[in-house]
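All of these numbers come straight from a predicted model, not from anything done at the bench. Values below: every heavy atom of this structure, side chains too, minus hydrogens, waters and symmetry copies. Sequence lines set the chain letters: A, B, ... in the order given, protein chains first and strands last, and positions in each chain run from 1.
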Amino acid sequence: MEQLIQQIASGIANGAIYACLALALVMIFVSTDHINFAQGEMAMFSAFLCWQLLDWGLNFWIALPIVVVVSFLIGLSIERVILRPLHGAPVLSVVVVFIGLLAIFHSLAGAIWTHTIKAFPSPFPQVAFAGSGYIGPHQLGMIAVTVGLLGALFAFFRFTPLGLAMRAAAQNPASARLAGVSVDWMLALGWGLAAAIGAVAGTMVAPAVYLEPNMMASILLYGFAGALVGGISSPGGAVAGGFIVGVLENLVAYFGNLLEKITGFYLIGNGEKLTVALIIVITVLTLKPSGLFGHVTVKRV
Amino acid sequence: MATTVSSTGTEAGIQNVFAFIRRRWLWLLIAFLALLPIIGGKTGYISNFWFLQLSLMIVYAIAVLGLNLLTGFNGQISLGHGAFFAVGAYTAAILIDQAGWPFWATLPMAAVTCFVAGYLFGLPALRLEGHYLALATFALAVAVPQILKYRHFEGFTNGVQGINIFKADPPFGLPLSSDQWMFLVVLAVAVLMFWIARNLLDSRTGRAMTAIRDHAMAASTMGINVPRYKAVVFGISAIYTGIAGALHAIIFEFVSPDSFRFELSIAILVGAVVGGIASLPGAVIGGVFVQMIEKYADALTKKISAAVHLPLELEPWTIYGIALIVLMYTMPTGIAGGLAALWRRMRRS
Amino acid sequence: MKISKLLLAGIGALALALAANPAEAQKKYDDGASDTEIRIGNTNPYSGNASAYGVIGKTIEAYFKMVNDKGGINGRKINFITYDDGYSPPKTVEMVRKLVEEDKVLFVYQTLGTPSNTAIHKYMNGKKVPQLFVATGASKWGMPKEFPWTMGWQPDYVTEGIIYAKHILANVKDAKIAVLMQNDDYGKDYFGGFKQGLGKDADKIVQVATYEVTDPTVDSQIIQLKNSGANAFFNITTPKFAAQAIKKAHEIGWKPAHYLNNVSASIGAVIKPAGFEAAQGVITAQYIKDPTDGQWKTSPDIVEWTAFMDKYMPQGDKTSTFPVYAYAVTSTLAEVIKRAGDNLTRENIMKQAASLKGVEVPLLLPGIKINTSPTDFYPIQAVQLSRLKGEVFERFGDVLSNEAASQ
């Protein structure tokens with residue numbers, strides 16, 4: 001029982017990692033209708049930028065806003081410079097461009113900062129509290145930041161004219177244009193915001209898994225799965241989905257071990273936890289194709 | 001990301017370009033390739049290593065064609081075709097290693113296994129569209145090495161160690177090196193597979209496939225059994241990629257979980273898109289690209305590092321990434337599409 | 001008259017003496033060697049998810065640049081050709097075939113990774129081209145009877161596993177052992193050796209947890225291991241996961257006797273990121289000096305290495321053990337080439353590599369030497385246990401060797 005609680009707590013902590021990235025994926029999807037495969041590597045790159053500033057002696061809470069702004073500008077310029085000429089190109093061509101971006105960010109980070117793992121200091125106070133044996137202060141802080149980010153995004157899309165314009169531009173560019181929305185700039189803005197959220201995700205993830213160029217490579221699939229299981233168009237769903245994937249994965253391994261302890265037969269264990277968790281996620285998606293919290297879209301003939 | 005991968009406009013263009021390579025020119029080209037071991041091999045102009053390279057280009061071309069049938073002609077996306085490549089490779093390796101089959105006999109068996117695997121995967125995938133299908137296939141690609149290592153399969157797959165097999169020497173005492181012989185085998189298989197693909201696409205089935213891609217609902221109202229077609233196409237697509245995998249295993253005489261990581265799936269996808277989606281010549285171009293790009297990225301990285309004194313150590317992936325972006329920038333519909341556009345412009349002027 | 005006769009006789013005698021020593025007089029070359037050049041081939045993962053190791057290939061390249069700047073070895077320049085294999089076994093086969101068949105290298109050196117070397121094992125031995133000092137510690141590289149053209153360099157994982165097992169049995173009372181291992185043949189090799197070392201006490205292993213390189217963290221595994229009630233922990237992980245494991249075990253208050261495999265015995269890449277406080281008391285087996293370990297600051301070989309890094313790898317990471325490893329192993333190779341003299345055949349290279357007796361190489365721990373023979377293809381089989389105290393690894397006990405085992 002003790003272990004079960006610990007596994008769930010650790011799953012929630014991992015889930016926070018996935019939720020952060022899932023949020024950035026949703027952001028770009030909502031505003032541009034693309035899934036950005038380079039999102040993880042961009043977040044990793046931002047985390048390295050932040051590490052560099054910390055290494056130069058800046059305080060984290062000063063460094064973070066700088067990195068968020070810089071990442072926003074990087075995201076914005078990627079859209080304006082690289083993706084702009086590709087409007088109207090087939091979807092798969094855009095996917096290949098994302099793969100190209102992934103390769104570039106990954107290799108540049110390795111070239112600039114080497115592949116040795118770096119400790120990234122947690123910005124949260126390292127204090128003991130009730131239950132800190134189950135979940136560390138950084139993990140709690142990360143969950144709080146994720147939820148805070150989610151709230152901010154929700155408010156942005158729901159209550160600000162800019163948020164509304166962005167949603168309109170993504171969902172129906174022609175009508176949005178007629179209503180006087182600059183669709184082009186909305187797309188670029190979406191990229192910038194996604195990169196900014198990614199920067200926050202990167203700096204939250206780095207203390208938990210250590211900073212290195214591969215940091216996000218394995219997390220991307222989890223973030224992707226989390227975003228989809230929650231409903232790719234819903235930020236709240238994506239965060240919930242991230243937590244679900246994190247906990248699910250640990251439970252698969254836990255019950256697999258339990259089964260082996262009791263019956264002596266090895267069915268599943270740590271080696272298969274990702275595979276089984278993904279099978280469950282995909283099964284859920286076949287039953288509920290728009291995700292757990294997504295909107296059902298009506299197909300128009 | 002829309003589900004359909006529409007490229008009907010360029011498709012016609014591509015047909016035009018390659019129409020000039022009339023059938024007999026194509027056969028001449030194939031005959032020339034088939035004679036290469038004698039012309040190039042005997043005179044020593046083409047080394048065994050080059051035959052290996054050529055074989056691999058053809059193998060990847062078959063794999064890319066598999067994905068092309070699914071994505072280009074049927075509109076279903078897959079980020080996980082490396083999985084079928086692995087299934088084909090392991091089928092061949094296990095049959096040669098444990099059942100002592102001759103290598104050529106494993107190819108039909110690999111086709112059967114992969115069809116079943118593809119069809120079974122295609123069934124639930126029917127309910128998934130666009131991103132969801134992308135996720136499911138991406139998950140498949142990531143899961144493959146782990147499934148190959150699964151404890152209860154170790155008796156067959158030999159777990160993490162992989163399987164070493166032996167390649168057959170040329171039969172009847174033919175005066176060919178092992179690489180030249182494999183090149184001929186691979187070429188023959190490829191010609192057969194491309195010929196089948198061409199006929200398939202020209203048939204009723206092929207038209208149904210593209211109809212589903214272009215407008216699934218309309219196709220359905222016209223009486224096409226969309227779910228069945230989609231699952232069958234998934235199976236056929238897996239056959240192609242699986243046979244490529246089997247040939248790959250025979251060429252290298254070795255399979256292991258590390259040979260089939262998800263990078264392979266990405267490479268096949270990149271090959272299909274860069275070559276030109278929904279195009280048979282595009283698949284060939286894609287195969288050549290998959291085989292050559294990494295090497296050239298590495299070589300170019302070294303050249304640049306030697307020529308320009310950079311403040312940091314360049315890595316090959318930077319060049320690779322830039323190459324992909326530039327290619328998509330200049331030829332959004334792939335190299336085959338780009339050539340088609342060029343051809344049209346030349347004809348006009 | 002007399003003098004010139006004497007001179008003639010003298011020259012004659014000299015000629016005879018030279019003829020009597022064919023190695024001196026006759027130059028013998030295989031592919032890849034000439035009066036001016038020796039070509040050496042290599043593959044490394046410069047791209048992809050294992051590109052962290054690429055620095056080894058770059059260091060070797062820089063080392064040979066240094067050698068060539070000093071005039072080469074026996075007057076010959078070293079032409080080191082290294083290709084990217086992305087840590088993919090088929091790619092390694094392809095690139096190694098290019099090296100042997102197109103570039104015509106004399107031998108292949110330091111190809112990296114267990115799966116990659118397994119894929120070319122048969123080819124190299126079929127072609128009779130040396131596959132020298134491969135960069136992996138699997139035990140299968142030391143089988144001169146079956147594979148006379150393949151040789152490892154670093155202490156093999158099996159031997160190391162045995163040493164930890166023996167230490168646990170001798171020092172941990174009522175040992176209940178937990179094992180965390182990477183789910184590949186590197187992990188399996190260590191674990192096999194460990195079980196072999198435990199012998200009939202193998203039932204003292206109460207829990208084994210595996211992880212995949214694609215797992216974001218090993219937190220869940222550490223919780224499983226803690227709950228098994230183990231009081232000894234064998235940690236078979238690569239640097240990132242090692243740091244995570246040490247940190248997590250500390251966070252959840254699990255304090256077993258902690259044995260960390262040599263793969264992650266690095267202050268800069270593991271202990272410091274995990275936190276010195278969390279890592280106190282961790283035991284590991286070492287054979288090379290850690291550049292960030294303060295105790296070596298003034299030792300001549302580290303000074304020499306630092307100067308090399310400054311001049312030839314100014315962008316290199318001086319806290320990593322990879323360049324140290326690369327420097328040490330390439331020093332060994334330089335010695336082999338030097339000894340081969342003008343007889344630069346593949347056979348002689350293997351012969352020289354297999355007759356290193358007590359050779360001292362820079363950057364190895366004091367007391368550890370290179371030993372090979374025609375029946376012993378494990379160059380380094382000695383390690384010394386050390387325990388983390390403060391910010392350094394304190395060595396304790398004797399240099400442990402398993403030389404006898406391989407005879």
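Interface summary for chain B: among I99(A), L274(A), T114(A), the most heavy-atom pairs under 4.5 angstrom belong to I99(A). Per-residue heavy-atom pair counts under 4.5 Å with chain A were compared for M331(B), Q146(B), K149(B), and the maximum is reached by Q146(B). Of the residues considered (A227(A), A111(A), S107(A), S218(A)), S107(A) shows the highest number of contacts with chain B, using heavy-atom pairs under 4.5 Å. Ranked by heavy-atom pairs under 4.5 Å with chain B, the first of L267(A), L228(A), I268(A), I282(A) is L228(A).
Neither the backbone nor the side chain of L327(B) has a heavy atom closer than 4.5 Å to any heavy atom of chain A. For a residue to count as touching a neighbouring chain, one of its non-hydrogen atoms must lie under 4.5 Å from one of that chain's; by this rule Y222(A) does not touch chain B. Within the 4.5 angstrom heavy-atom criterion, no atom of L140(B) approaches chain A. Residue contact with chain B, scored on non-hydrogen atoms closer than 4.5 Å, involves the backbone of L287(A) exclusively. Both the backbone and the side chain of I82(A) come within contact range of chain B, judged by heavy atoms closer than 4.5 Å.
Between M328(B) and L86(A) the shortest heavy-atom distance is O-CD2, 3.4 Å. Nearest approach of A139(B) to L278(A), heavy atoms of both residues: CB-CD1, 3.5 Å. Listed here is the closest heavy atom pair of P90(A) and P332(B): CD-O, 3.7 Å.
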Go through it in stages, so that I can follow the logic: the residues are L269(B) and V95(A), the test is side chain to side chain contact (heavy atoms under 4.5 Å, CB included), and I'd like the CA-CA distance, side-chain angles, deciding distance and then a yes or no. CA-CA 9 Å; L269(B) 177 72; V95(A) 170; 4.1 Å; yes
Exercise for the section: Please report the C-alpha distance between L101(A) and L324(B) in whole Å, then the side-chain angles of each, then the deciding distance to 0.1 Å, and finally whether the side chain to side chain contact (heavy atoms under 4.5 Å, CB included) criterion is met. Expected result: CA-CA 9 Å; L101(A) 284 174; L324(B) 290 188; over 6 Å; no
- Could you walk me through whether T275(A) and V142(B) pass side chain to side chain contact (heavy atoms under 4.5 Å, CB included), step by step? CA-CA 8 Å; T275(A) 313; V142(B) 173; over 6 Å; no
Q.
The test is side chain to side chain contact (heavy atoms under 4.5 Å, CB included); show your working for I77(B) and V91(A) and say whether it passes.
A. CA-CA 10 Å; I77(B) 193 168; V91(A) 175; 5.9 Å; no
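The environment of R228(B) atom CZ is sparse: at most 12 non-hydrogen atoms of other residues, nucleotides or ligands sit within 6.0 angstrom. Counting non-hydrogen atoms of neighbouring residues, nucleotides and ligands closer than 6.0 angstrom, the CD atom of E294(B) reaches no more than 12 such neighbours.
Classified by interplanar angle (parallel below 30°, tilted 30° to 60°, perpendicular above 60°), the ring pair Y150(B)/Y266(A) is tilted.
Against chain A, the residues from residues 315-322 of chain B that qualify, each with a non-hydrogen atom under 4.5 angstrom away, are E315(B), W317(B), T318(B), Y320(B), G321(B), I322(B) in number order.
For the side-chain contact (heavy atoms from CB on, under 4.5 Å) criterion with Y132(B), the lone passing option out of V229(A), V281(A), L285(A) is L285(A).
F262(B) is not listed as a side-chain neighbour of L221(A), based on a closest heavy-atom distance of 4.5 Å or more.
Judged by distance alone, the side chain of S93(A) and the main-chain N or O of T333(B) form no donor-acceptor pair under 3.5 Å.
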